[in-house]
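Worksheet: the structure to be examined is printed underneath.
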Amino acid sequence: MPNAFFCSFMRLTALLTIVGSLIVLALTGCENCGPTAEPLLNLSINTGTQARPDTIFSPDSRNPLPARPSPTYGIQSGLPVNLTADSTRYVYRLAGRYDTVTVFYQRKTAYRNRKCGYVLDLYEPERGPKARTSRGKVESVSYLPNRNANFLSSSENTSIYLSIRL
Amino acid sequence: MRHPLTFALVWLITLTAFGQTKRQSVQRPVLIGVDIAKPVLSLISPYRTAFRLGEVTVKVPIAGNRYLSVVAGYGQARSDTIYRNIRMKLSGPYLKIGTERLMSSGLLVGWHGMTALTQETATYSYRGPTFGDYVVTAFDRQRVVVGMEGFFGYQQTLSDRLIFRVSGRATVAGLFGTRSKNEPAVLFVPGVGVALGDPVAVGFGLGLHVFYRTNPRPVAVSQP
């Protein structure tokens, strides 16, 4: 009888150990460490028509902006954010006219662990505007920081959403 | 960092001179050695790390079969990118003083108290293909290291002047200085080697020494 109890106890212990290890592995494997390079801005230009910008570039960049997917619903996604400054300017051409939109942010980094090293977050600036546009008005600016690894999906990442209406 | 090393070397030379005087009475040589395993470590690179190490050891005979053991060296480790986006550079001189007991079989055992200065610099970076890389200094600090180590080994006479020794050591050291808990732990400590733990670091090492005897080994002469 004591042997049967001991065997059951050992089996239960082994089972709990295996399940616990799998949970730890799953949790650490899911950790999203955030970007290793320039985070991205999603820019939405609402014109009220079908008109879309045909050119977009940054006067601050050393290299041309990377190729991006075609704008969906007027959203220019995948615009890199300048990490060497607290703001980034983008110039776009719409119906032959050039306009500038500037987004402001503050960069914050913190050491998390050996897997992630230092993680980067973008927050709204402590003072001053969040964004500025040479035409129309800024509708909204959203900052998505990855503080405390709250992004569990690898498709989510530290980014900024900026919407302007012309 | 060169000045402490120069100081240590001058001190070693002084000790050697002291040993030469004592030798007259105890009839045992002073041993001066270098660790030939240290340059080999430069080729082996855990964490994709490059090491630069140099170490000089002097053994001065004291009472019985014991030696005063003095070790001075300089260590530097420079990592490639580790922990996703961090690069570290760790360097500094170290000094170890202790005693060792040499048995007639060639086995030896001993201990060292140790101290070191360590300069720790780390940067982290994010790639910036469009606007340029974002590189930040995480920390640039100096700390004092105080610790102790035990070692054991075996030595074999190669010739009248040369002795080969293989030894292993375990070192425990405390790092004293400012370190935020939100900073990565130290990777390498001069005198300890690749270290586990911070601010109490533990390291293990293997030494391959070649020693030079300051007077040749006596040769037996048959009596007529």
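Bear in mind the structure is a predicted one, so any value in this text is a computation, not a measurement. Numbered from 1 within each chain, the chains take letters A, B, ... in sequence-line order.
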Closest non-hydrogen atom pair between B:Arg84 and A:Lys115, with its separation
CB-O, 3.6 Å
Can you tell me if [X] has over 12 outside heavy atoms packed within less than 6.0 Å of its [atom1]?
X        : atom1 : value
B:Phe152 : CZ    : no
A:Arg107 : CZ    : yes
A:Tyr161 : OH    : no

Spacing of [X] atom [atom1] and [Y] atom [atom2] [to the nearest 0.5 Å]:
X        : Y        : atom1 : atom2 : value
A:Tyr118 : B:Tyr126 : OH    : OH    : 9.5 Å
A:Arg62  : B:Asp133 : CZ    : CG    : 7.5 Å
B:Phe131 : A:Leu65  : CZ    : CG    : 6.0 Å
B:Arg127 : A:Leu83  : CZ    : CG    : 11.0 Å
B:Thr130 : A:Phe57  : OG1   : CZ    : 14.5 Å

Would you mind telling me which of B:Gly128, B:Pro184, B:Ser180, B:Ala185 has the largest number of heavy-atom pairs within less than 4.5 Å of chain A?
B:Pro184
Contacting region of A:Pro64 [heavy-atom separation from chain B under 4.5 Å]
backbone
